[in-house]
Amino acid sequence: MACRISEVVLGCRDPEALARFWCEVLDFVVLDREDNEMLEIGPREGFGGAQPTIILSRRDEPEPGKTRLHIDVNPTDRDQDAELERLLALGARPADIGQTGDEQWHVLADPEGNAFCLLKARLKPL
């Protein structure tokens with residue numbers, strides 16, 4: 001095992017309203033909240049289970065060249081640096097979407113240019 005989808009990130013105008021909707025649809029609960037800018041919803045048992053969580057991030061409009069949806073992955077059997085090396089060897093490449101360089105994640109693009117983020121490991125190995 002190497003990585004698994006841990007989060008789906010969705011840009012939206014109203015994170016609170018969308019969280020209420022998806023919590024009802026999926027029987028999820030709010031797991032984390034940052035001001036009015038971001039909510040993380042997921043299964044009642046919390047982060048790290050079989051289902052990915054959903055990050056709802058405030059975005060008034062899609063930014064030029066960016067979609068409102070991207071995937072976050074977490075390494076499950078190695079640290080972030082080792083997983084970054086593996087993903088780059090598989091054909092991923094660094095992507096610049098305006099990050100500052102202080103982030104705790106790496107923004108990458110798959111071989112077709114779709115952006116995704118490699119997070120620090122926070123999942124228990126399966």
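Predicted model only: the values in this text are computed from it and were never measured.
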Note to self: Please evaluate residues Glu103 and Lys120 with respect to the criterion salt bridge (Lys or Arg N to Asp or Glu O under 4.0 Å), reporting the C-alpha separation (whole Å), side-chain torsions for both, the decisive distance (0.1 Å), and the verdict.
What the structure shows: CA-CA 10 Å; Glu103 293 82 6; Lys120 286 189 174 189; over 6 Å; no

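Tested against Leu56, the residues Val9, Leu18, Val30 include a single side chain to side chain contact (heavy atoms under 4.5 Å, CB included) partner, Leu18.
With salt bridges taken as basic N to acidic carboxylate O contacts below 4.0 Å, one links Arg33 and Glu16.
The distance from the CG atom of Leu118 to the CZ atom of Arg86 is 9.5 Å, given to the nearest 0.5 Å. Atom CG of Leu31 is separated from atom CD1 of Ile41 by 8.0 Å, given to the nearest 0.5 angstrom. Interatomic distance, SG of Cys117 versus NE2 of His106, reported as 10.5 Å (0.5 Å rounding). In this structure, CG in Asp110 is found 6.5 Å from CZ in Phe116, a value given to the nearest 0.5 Å. Of the inter-residue distances, the one linking Thr53 atom OG1 with Phe28 atom CZ reads 8.0 Å to the nearest 0.5 angstrom. Here the CG atom belonging to Leu108 is positioned 6.0 Å from the CG atom belonging to Leu88, to the nearest 0.5 angstrom.
The cluster map of Ile, Leu, Val, Met, Phe, Trp and Tyr, joined by side-chain heavy atoms under 4.5 Å apart, puts Leu119 and Ile97 in the same cluster. Hydrophobic clustering (side-chain heavy atoms under 4.5 Å, transitive across Ile, Leu, Val, Met, Phe, Trp, Tyr) groups Leu26 together with Phe21.
Closest heavy-atom contact between Pro15 and Ser57: CG-C, 4.3 Å. The shortest heavy-atom contact between Asn74 and Ser6 is ND2-OG, 2.6 Å. The heavy-atom pair separating Gln80 from Gln104 by the smallest distance is NE2-O, 3.1 Å. Residues Glu83 and Cys3 come closest through the heavy atom pair OE2-SG, 3.0 Å. The two residues Asp102 and Thr100 make their nearest non-hydrogen contact at N-OG1, 3.1 Å.
A donor-acceptor pair under 3.5 Å is absent between the side-chain atoms of Asp35 and the main chain of Glu37, judged by distance alone. A donor-acceptor pair is defined here as one N or O able to donate and one able to accept, closer than 3.5 Å; no such pair exists between the side chain of Glu7 and the backbone of Glu40.
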